[in-house]
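For reference, the structure discussed in these notes is given below.
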Amino acid sequence: MTITHPSTDILILGSGASGAAVACRLSKSGFNVVCLEQGRWIKPEEFPNEHADWEIQARTNWAFDPNVRALDVDYPLNVDESPIDPLMFNAVGGSTIHWTAHTPRFHPSDFRVKTLDGVADDWPLSYDELEPYYDAYDALMGCSGINGDPANPPRKERPMPPIPIGQDGERMARAFDRLGWHWWPSDSYVNSVPYRGRQACNNCGNTGLGCSRGAKGQTDVAIWPEAIANGVELRTESRVFRVETDAEGKATGASYYDADGEENFQPANAVVLAMNGIGSPRIMLNSTSGAYPNGLCNSSGLLGKNLMFHPYAMVSGLFDDGLQTYKGPLANMILCQEFYETDPSKDFVRGYTYQVARSSGPVSTACGYMFGRVPWGADHHAEFNRRFGDVTVMGVIGEDLPEEHNRIELDPKLTDSNGIPSPKVFYTLSDNSRRQLDDAVENAKTALKEAGAAHVLATRLLKGAGWHLMGTARMGADPNTSVVDRWGQTHDADNIFVVDGSVFVTCAAVNPTPTIGALALRTADYIDRERADLKS
Amino acid sequence: MNLTDGEFLLLASVMDIIVPPVDELPGAGEMGLAKEAEELAARIPEYGESLHRILEALSLEPSVRVEGGFAALDEEQRMAAIEILEANMSKYFDKFVDLIYIVYYSDERVHERIGWRSGPLQPLGWELPAWDPAILDKVSKREPFWRRV
């Protein structure tokens with residue numbers, strides 16, 4: 001028998017980067033808000049960095065890849081048709097638990113790629129419109145960084161100064177200087193000083209495994225305490241399987257399984273989907289009804305399509321000066337945007353960012369995440385000693401363009417532990433992205449050699465790198481070519497909103513979370529300003 | 001996953017070849033790490049499958065089918081037998097090597113040898129030199145070059 005709860009104004013599905021922001025913003029304005037999260041709270045003492053076996057946990061129960069973790073709280077993904085594995089985390093805080101919190105913004109040109117470069121589509125909004133929401137999200141999550149970057153527009157001062165870039169960061173910075181290339185200290189949602197009751201980072205290294213100090217911008221510590229104080233009910237271990245609608249196609253709430261496997265129904269005046277660029281379209285595709293025979297708000301037929309990752313290449317430099325490059329936040333050092341924009345002399349459009357990153361502990365070194373697996377046998381120890389603490393990585397984030405054939409569908413057989421269909425991912429790397437990555441690899445080799453690397457190793461496409469999930473419920477003005485409008489409201493129902501990376505029209509060449517957060521706050525602002533009818 | 005006594009001894013022997021002795025440390029097998037490998041393989045199916053398949057293939061490898069088995073071979077013959085598996089079963093072999101590396105490089109004796117501080121990363125963290133804005137001297141003088149819209 002279904003358990004039906006009292007109705008709420010706003011029902012948010014997912015507690016990660018976007019859901020938390022919407023919950024916090026709308027609860028401040030007096031909306032009643034319930035958030036359903038399939039995961040649970042993770043206590044600080046549970047994070048791997050508090051345990052001696054953290055490197056084992058990073059490969060097992062705390063792996064980035066849900067198919068490796070294979071926990072009941074995760075849903076498996078069929079990745080047989082994708083060269084890139086999607087990564088995500090399910091808990092209060094969503095994937096902000098395991099992200100590395102590298103937080104550059106889109107550039108103004110990223111919103112106008114059709115106009116400027118004749119590819120993909122322009123966004124139905126501009127950088128200038130989004131800028132105040134970027135600032136607001138930076139303030140919520142806590143951004144460390146510094147003004148004056150010549151590759152980006154001037155902006156409001158960051159809440160905190162940059163985190164130290166370390167000797168390894170300086171080495172790369174000076175190499176970029178010698179080459180005449182751009183570089184800048186990375187913006188990071190990592191506290192360089194104590195911020196809003198959270199401690200400063202102590203450079204332990206593995207930001208990707210959750211931060212027990214609260215020094216990283218995870219929404220469980222950066223946003224949820226305030227949202228809950230505002231009155232939001234965050235209901236954990238609540239796995240949504242369908243958004244319910246009436247005969248006219250308007251949302252009436254969502255159905256979910258609780259921790260005991262019981263079916264629940266949470267009625268609401270509006271539903272906000274915030275379950276990431278795969279999770280949201282998955283549940284929307286599963287929400288078929290008389291009004292929506294092809295999936296929730298899918299009159300365009302584009303739901304689940306135009307999936308974009310940032311295909312990652314990784315170029316690693318092996319140095320011999322013993323800088324102990326495992327000291328410091330893993331991926332929060334400096335970036336280079338020398339090749340960010342379209343260069344007509346090249347054989348691809350758009351461009352890429354280099355995210356300079358560190359190495360990690362002994363297991364990572366031996367298994368080769370940063371520089372290939374250390375050979376076994378007689379040469380093993382000498383080779384391990386050469387690599388340990390001596391690797392610096394240039395990660396390539398290239399702008400992936402939207403293509404309809406890159407998509408997710410519901411797998412006909414695979415399900416999660418509640419029997420909800422899993423997504424199947426279909427993705428092929430485009431020729432443009434391939435050429436982009438090839439160019440980036442060659443330039444990275446130049447930079448690493450300039451920095452003094454004795455050896456350079458390139459991984460031209462990193463399989464376990466689907467951190468950024470975007471484009472599957474794209475935003476636009478035309479209901480025939482997009483799923484949501486410029487406010488994140490679906491074209492088909494005025495009380496259904498999508499606020500995660502699904503709404504991206506294009507994906508730029510930067511990590512997406514500040515943009516996801518800014519868009520979510522903008523949608524919340526719109527609901528507050530224009531949709532008083534949703535408030536009881 | 002429970003290994004038979006024979007499989008356990010075979011695993012320990014192979015581990016000594018994969019990660020041989022160094023300085024004062026014996027090889028990974030002689031260090032007693034086969035037990036840890038067996039336990040981790042029991043927890044993680046993909047490691048379990050790799051361990052099972054590699055040990056099975058090694059026991060069937062013609063060059064190993066001599067009296068005394070793998071342990072009776074000299075080092076060169078052992079290396080050759082393992083190289084055959086590496087060439088023919090790379091998917092499983094790679095995971096098998098990962099499994100051995102994970103347990104070896106999680107061991108405190110190994111940490112001491114390589115100069116790694118054992119234990120959790122927190123609460124100690126690491127010291128980094130303080131942020132020095134002087135490093136921006138050159139790049140901050142560059143004219144803004146972001147693309148106007």
Side-chain angles (χ1 to χ4, degrees), chain A residues 49-56 59-60 68 70 107-109 111-112 115-116 126-127 146 148 150-153 161-167 170 173 176-177 182-185 192 201-206 212-213 327-328 341 361-363 365-367 373-374 376-378 380-381 384-385 388, chain B residues 17-23 25 36 40 43-47 75 79 82-83 86 93-94 97-98 100-108 110-111 113-116 118-133 135-149:
Chain A
N49 291 352
E50 294 287 332
H51 299 270
D53 67 346
W54 62 276
E55 285 204 284
I56 294 177
R59 279 155 185 79
T60 54
V68 175
H107 291 208
S109 63
F111 296 88
R112 294 288 178 270
T115 299
L116 294 172
S126 67
Y127 176 87
I146 189 166
N152 283 274
I163 53 179
I165 66 172
Q167 290 176 287
E170 284 193 28
F176 290 138
D177 275 350
H182 166 268
W183 72 273
W184 201 252
S192 58
C201 174
N202 67 354
N203 309 308
C204 82
N206 270 283
S212 56
R213 293 172 63 83
K327 293 183 175 178
E341 292 291 350
V363 171
T365 303
C367 293
R373 178 185 286 105
V374 176
W376 60 272
H380 175 80
H381 295 292
F384 178 89
N385 290 344
F388 185 47
Chain B
I17 299 293
I18 300 291
V19 184
V22 61
D23 300 338
L25 287 181
E36 275 77 6
L40 184 58
R43 279 172 51 201
I44 309 298
E46 60 178 351
Y47 291 133
E75 186 169 337
M79 293 274 289
I82 295 173
E83 282 167 355
E86 183 178 31
F93 187 81
D94 286 352
V97 172
D98 276 355
I100 295 169
Y101 285 175
I102 289 170
V103 297
Y104 183 78
Y105 284 102
S106 296
D107 189 274
E108 289 188 12
V110 175
H111 291 171
R113 193 193 77 77
I114 63 175
W116 173 255
S118 276
L121 291 169
Q122 292 292 347
L124 292 176
W126 301 107
E127 288 287 332
L128 285 184
W131 161 248
D132 179 4
I135 187 75
L136 294 173
D137 279 354
K138 181 170 182 182
V139 67
S140 60
K141 289 187 177 70
R142 185 168 174 178
E143 286 297 311
F145 66 99
W146 53 277
R147 194 175 181 187
R148 266 59 170 188
V149 174

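In the text below, chain A, chain B and the rest are named by the order of the sequence lines, each starting its count at 1. FYI, side chains are in, hydrogens and waters are out, and symmetry mates aren't considered; it's all heavy atoms of this structure. Keep in mind the model is a prediction, meaning the values are calculated, not measured.
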Pairwise distance OG1(A:T365) to CD1(B:I114) - rounded to 0.5 angstrom
7.5 Å

Between B:L124 and chain A, which part of the residue has a heavy atom less than 4.5 Å away: side chain, backbone, both or neither?
backbone

For the residue pair A:F388 and B:W116, is the inter-centroid distance of their aromatic rings smaller than 6.0 Å?
yes

Check: B:L128 and A:K327 side chains under 4.5 Å, non-hydrogen atoms
yes

Between B:H111 and A:P362, is any pair of side-chain heavy atoms under 4.5 Å apart?
yes

Side chain, backbone, both or neither of B:S118 within contact of chain A (heavy atoms, under 4.5 Å):
neither

Rounded to the nearest 0.5 Å, what's the gap from CG on B:L136 to CD1 on A:I146? Could you check?
5.5 Å

If you tally heavy-atom pairs under 4.5 Å against chain B, which of A:G148, A:P153, A:A52, A:G361 wins?
A:P153

Who wins among A:S126, A:P161, A:P185 for the most heavy-atom pairs under 4.5 Å with chain B?
A:P185

Just so I know, are the side chains of A:T60 and B:L40 near enough to count as touching, which here means a heavy-atom distance under 4.5 Å?
yes

Report which part of B:E75 has an atom under 4.5 Å of a heavy atom belonging to chain A: side chain, backbone, both, or neither.
neither

Where on A:A173 is there a heavy atom nearer than 4.5 Å to chain B: the side chain, the backbone, both, or neither?
side chain

Contact class of B:E86 relative to chain A, heavy atoms under 4.5 angstrom:
side chain

Which residue out of A:C201, A:A151, A:G166 racks up the most heavy-atom pairs below 4.5 Å with chain B?
A:A151

Are the side chain of A:N202 and the backbone of B:E127 linked by a donor-acceptor contact shorter than 3.5 Å?
no

Judged by atom type as modelled, is there a donor-acceptor pair below 3.5 Å linking the side chain of A:H381 to the main-chain atoms of B:D23?
no

Turns out that what part of A:F384 lies under 4.5 Å from chain B's heavy atoms comes down to side chain

Is B:E36 close to chain A through its backbone or its side chain, or both, or neither, when contacts mean heavy atoms under 4.5 Å?
neither

Within 6.0 Å of CD in B:E46, more than 12 heavy atoms from elsewhere
yes

Given that the side chain runs from C-beta out, which part of A:S212 has a heavy atom under 4.5 Å from chain B: side chain, backbone, both or neither?
side chain

Lys/Arg-Asp/Glu bridge criterion (N-O < 4.0 Å) met for B:D98, A:R59
no

Contact part of B:I44 toward chain A, heavy-atom cut-off under 4.5 Å: side chain, backbone, both or neither?
side chain

Taking B:G115, B:P45, B:S106 one by one, which has the highest count of heavy-atom pairs under 4.5 Å against chain A?
B:S106

Hey, are the side chains of A:Y127 and B:V149 touching, using non-hydrogen atoms and a 4.5 Å cut-off?
no

Please tell me if the side chains of A:W184 and B:V139 come closer than 4.5 Å, counting only heavy atoms from C-beta onward.
yes

Is the backbone of A:V363 close enough, under 3.5 Å, to the side chain of B:Y104 for a donor and an acceptor to pair up by distance?
no

If you tally heavy-atom pairs under 4.5 Å between each of A:L116, A:V68, A:I163 and chain B, the highest tally belongs to A:L116

Heavy-atom pair count under 4.5 Å with chain A, highest-scoring of B:I82, B:D132, B:V110:
B:I82

Just give me the residue among B:M79, B:Q122, B:K141 that pairs up with chain A most often, heavy atom to heavy atom, under 4.5 Å.
B:Q122

B:W146 and A:E341: side-chain donor and acceptor closer than 3.5 Å?
no

Donor-acceptor contact present, side-chain B:K138 to main-chain A:D177, <3.5 Å:
yes

Decide if atom CD of B:E83 counts as having more than 12 heavy atoms of other residues, nucleotides or ligands within a radius under 6.0 Å.
yes

Counting the benzene-type ring for Trp, do B:Y105 and A:H380 have ring centres under 6.0 Å apart?
yes

Minimum-distance pair of heavy atoms, taken over all atoms of A:C204 and B:L121:
O-CD2, 3.7 Å

So which part of A:D53 gets closer than 4.5 Å to some heavy atom of chain B, the side chain, the backbone, both or neither?
neither

Non-hydrogen atoms of chain B under 4.5 Å away: do they reach the side chain of A:W54, the backbone, both or neither?
side chain

